[in-house]
2 protein chains.
Amino acid sequence: MRQPRDSTAIKRPTMTDIACECGLSRATVARALSGKGYVNPERKALIHQAAARMGYRASTIARALRTQRTSSIGVLIADITNPIFPEIVKGIDEVVSAGDYTIFLCNTDEDARKQLAIIRSLLDRQVDGIILVSQTVSDESQALLKNGPPYVLVNRRPARHGGDYVGPDNAMAVRQLLEHLYGLGHRRIAYITGPAQSSTARERRDSFTAEMARLGCSIPPGYLVEGNYQAESGRRAAEALLACTPRPTAILAANDFVALEVISFLHEHGLQVPEDMSVTGFDDAFKMRFSGRYPLPAQGLTTVDQPKRELGRSAGNALLARMARPDAPVRTIILPTTLNIRDTTAPAG
Amino acid sequence: MRQPRDSTAIKRPTMTDIACECGLSRATVARALSGKGYVNPERKALIHQAAARMGYRASTIARALRTQRTSSIGVLIADITNPIFPEIVKGIDEVVSAGDYTIFLCNTDEDARKQLAIIRSLLDRQVDGIILVSQTVSDESQALLKNGPPYVLVNRRPARHGGDYVGPDNAMAVRQLLEHLYGLGHRRIAYITGPAQSSTARERRDSFTAEMARLGCSIPPGYLVEGNYQAESGRRAAEALLACTPRPTAILAANDFVALEVISFLHEHGLQVPEDMSVTGFDDAFKMRFSGRYPLPAQGLTTVDQPKRELGRSAGNALLARMARPDAPVRTIILPTTLNIRDTTAPAG
DNA sequence: CTGTTAGCGCTTTCAA
DNA sequence: TTGAAAGCGCTAACAG
């Protein structure tokens with residue numbers, strides 16, 4: 001039995017306050033409020049009333065210190081400003097906040113140092129789990145993660161990653177795009193890849209060469225150009241591709257940003273899309289809440305849609321599952337993509 | 001002087017572990033590590049070495065319990081999926097993470113119950129401050145907030161709000177739009193408002209009527225139609241506006257989503273934009289990383305840009321300032337908007 | 001300059 | 001069925 005120190009300050013009431021109020025011990029209050037352990041029904045009611053009346057709410061901090069569980073998770077994201085990420089985050093949020101977890105959201109800006117600092121800070125805060133969205137996990141980060149709470153990777157994953165992973169079916173995506181173009185008669189198809197350090201980019205690139213081979217199309221030198229997912233890299237790539245002979249009749253861009261910049265470049269150089277060149281994107285980043293077309297009705301980008309929201313939900317669920325049973329078998333979840341044929345692809349001239 | 005309980009488990013080392021390792025008291029370790037208080041330089045070095053070697057990191061939780069400060073802030077957002085919000089969040093993140101705060105990001109989905117639950121949970125976690133982005137603050141939420149940590153409002157604010165606020169200059173935005181249209185010869189201008197519960201929407205609406213009066217334009221009945229910021233409301237509003245006689249020659253939409261849906265509707269009904277009707281948006285939601293135009297080069301929406309990133313930064317700074325000096329004078333920060341003239345406005349026919 | 005002590009608010013044995 | 005007591009890991013006042 002303890003006395004609260006001062007009664008004048010208007011601070012959050014603690015268990016001690018309630019205990020005093022009811023003339024009971026803190027232990028009894030704890031039992032009554034948590035519902036576990038025996039406590040006289042009348043007193044229990046009394047305690048609940050007092051708690052409600054005084055507006056008592058348990059301190060998450062104190063509980064966390066005691067139980068070593070914080071009911072919080074960390075989410076690492078490259079850049080919240082890139083429209084595909086908020087969708088994923090939303091999916092994660094939907095499932096984890098239903099499980100009463102709160103999210104620490106952190107931007108890494110594709111910066112390994114920041115990534116490391118953020119993981120440290122998350123561990124210092126003792127998050128119960130971590131989700132890394134499209135992160136290239138550095139060795140240092142990896143090392144930290146190993147001794148930390150469960151984590152799941154979304155989109156990207158290191159070469160031989162043994163843990164939980166959720167990602168889109170990149171091979172399927174590339175196949176959908178290529179079959180569409182092949183069906184339109186395209187044979188000279190170029191590909192602007194993502195950065196080599198992105199596993200997703202590598203997977204797509206490999207799928208591209210494999211699928212082209214399967215379709216019996218050769219890939220002339222210069223048709224594979226490396227970009228970095230930034231719009232600006234599309235401009236350089238497009239320039240290089242226009243210089244190729246023979247010139248490609250279709251260009252697959254690493255993502256929608258790059259695709260749009262390619263289209264801009266082509267326009268500036270007197271080429272019409274899709275008449276003179278077919279161009280496709282990746283992600284369906286701009287769709288947002290619109291169903292069929294892009295913001296402006298004029299023209300829509302042919303692209304392949306990743307199930308972004310679902311990626312987030314799956315990741316959230318995978319993490320919850322892992323936190324519940326740390327030694328359950330590893331899960332790898334690959335979700336199907338869907339092709340959206342719009343206005344930037346046409347039969348090969 | 002204390003003994004650590006068990007030494008086999010590979011857990012995070014605590015101060016006690018370091019103290020034992022160095023044969024010193026925890027207090028000394030604490031002083032050495034925190035840098036405050038005197039401690040023998042040699043021992044200090046020793047302690048730092050041990051800490052580094054053992055990979056010691058202070059527990060944020062324990063510190064928070066002791067100091068009652070968590071170095072975390074809560075950010076409430078309506079829907080992270082709406083492209084204007086990530087920009088704001090990014091701005092907040094930039095400044096607060098530089099100040100070593102971590103962000104709890106929470107979606108409220110414009111739902112008052114969720115808003116309340118989230119604020120409760122944030123208070124339970126003892127965040128040091130809260131930023132509410134575009135929230136209609138319910139009375140219950142308001143009451144909670146009053147006894148909580150400092151908070152700042154962004155975009156929306158309740159009728160008579162006495163606290164810190166950061167928002168765009170809505171009057172300026174409307175003026176820019178109207179002067180542009182007026183200059184093009186438009187006189188019959190309609191306005192699709194945002195929902196009445198949004199203070200931002202109300203401010204814009206009031207500015208609209210005021211400005212129209214100033215320009216000497218009357219607002220025929222039916223020219224002011226209430227929407228709710230959702231694309232779909234643009235459809236209904238457009239339908240209503242087409243039925244007006246005389247028909248307006250220009251439509252101001254509450255935001256870009258609504259504007260696009262209006263344009264879609266007009267197209268479907270055989271009207272060309274901007275030839276037959278000028279349409280403007282609000283927010284420049286789609287700009288993202290592109291400078292001049294919308295995703296596709298075909299056509300860009302004439303709209304007024306809110307300084308989203310800057311709104312976030314200002315809010316972050318205002319919160320930091322408030323946390324540092326809780327009784328500094330209240331700050332109201334209004335940031336200028338900029339008009340982006342693109343392809344959906346033209347001289348009145 | 002260093003150690004002892006108390007305590008943040010909660011959970012959880014262990015006795016009574 | 002209840003209370004006493006210990007302790008999560010840290011900070012800070014105080015004594016030495």
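Each chain gets a letter, A, B and so on, in the order its sequence line appears, and its residues count up from 1. Just so you know, these numbers use all the heavy atoms, side chains as well, and skip hydrogens, waters and symmetry mates. Small disclaimer: the values here were computed from a predicted structure and weren't measured.
- Taking only side-chain nitrogens and oxygens, A/Gln68 comes nearer than 4.0 Å to OP1 or OP2 of D/dG9.
- At whole-Å resolution of the value, CG in A/Leu65 and C1' in C/dT12 are 14 Å apart.
- Taking 4.0 angstrom as the limit, B/Arg43 places none of its side-chain polar atoms (N or O) nearer than this to OP1 or OP2 of C/dC1.
- Regarding B/Arg69, its CZ atom lies at a distance of 17 Å from the P atom of D/dC10, rounded to whole Å.
- One atom, CZ of A/Arg26, and another, P of D/dG7, lie 14 Å apart when rounded to the nearest Å.
- Nearest-nucleotide positions on DNA chain D place B/Ile61 closer to the 5' end than the other of B/Arg31 and B/Ile61.
- In this structure, B/Arg63 places its CZ atom 17 Å from C1' of C/dG7, rounding to the nearest Å.
- We find that CD1 of A/Ile47 is positioned 12 Å from C1' of D/dG3, with the value rounded to whole Å.
- Within the 4.0 Å cut-off from OP1 or OP2 of C/dG3, at least one side-chain nitrogen or oxygen of B/Thr28 is found.
- A donor-acceptor contact closer than 3.5 angstrom is absent between the side chains of B/Ser134 and B/Arg156.
- Residue whose closest nucleotide on DNA chain C sits further toward the 5' end, between A/Tyr56 and B/Arg66: B/Arg66.
- By the neighbour-count criterion of 12 heavy atoms within 6.0 Å, atom CZ of B/Arg113 is sparsely surrounded, having that number or fewer from other residues, nucleotides or ligands.
- Candidate nucleotides D/dA12, D/dT2, D/dG9 were compared by shortest atom distance to the side chain of B/Ser59, and D/dG9 ranks first.
- Contact between the side-chain N/O atoms of B/Thr14 and the OP1/OP2 oxygens of D/dG9 is not found at any separation under 4.0 Å.
- Across all strands, A/Ala64 comes closer than 4.0 Å to no nucleic acid atom at all (heavy-atom distances).
- Taking the six-membered ring where the residue is Trp, A/Phe104 and B/Phe104 present parallel rings, their angle staying beneath 30° rather than reaching 60°.
- Taking atom OH of residue B/Tyr38 and atom C1' of nucleotide D/dA13, one finds them 16 Å apart after rounding to whole Å.
- With D/dT11, C/dG3, D/dG3 as the choices, the nucleotide that has an atom nearest any side-chain atom of A/Ser25 turns out to be D/dG3.
- In summary, the side chains of A/Arg125 and A/Thr70 do not present any donor paired with an acceptor at a separation below 3.5 Å, with no hydrogens or angles considered.
- As a whole-Å value, the separation of A/Leu33 CG from C/dT12 P is 14 Å.
- As rounded to whole Å, 14 Å separates atom C1' of D/dA13 from atom NZ of B/Lys36.
- A donor and an acceptor atom, one from each side chain of B/Thr108 and B/Gln135, are located under 3.5 Å apart.
- With distances taken from any side-chain atom of B/Ala27 to the nucleotides C/dC10, C/dT12, C/dT4, the minimum falls on C/dT4.
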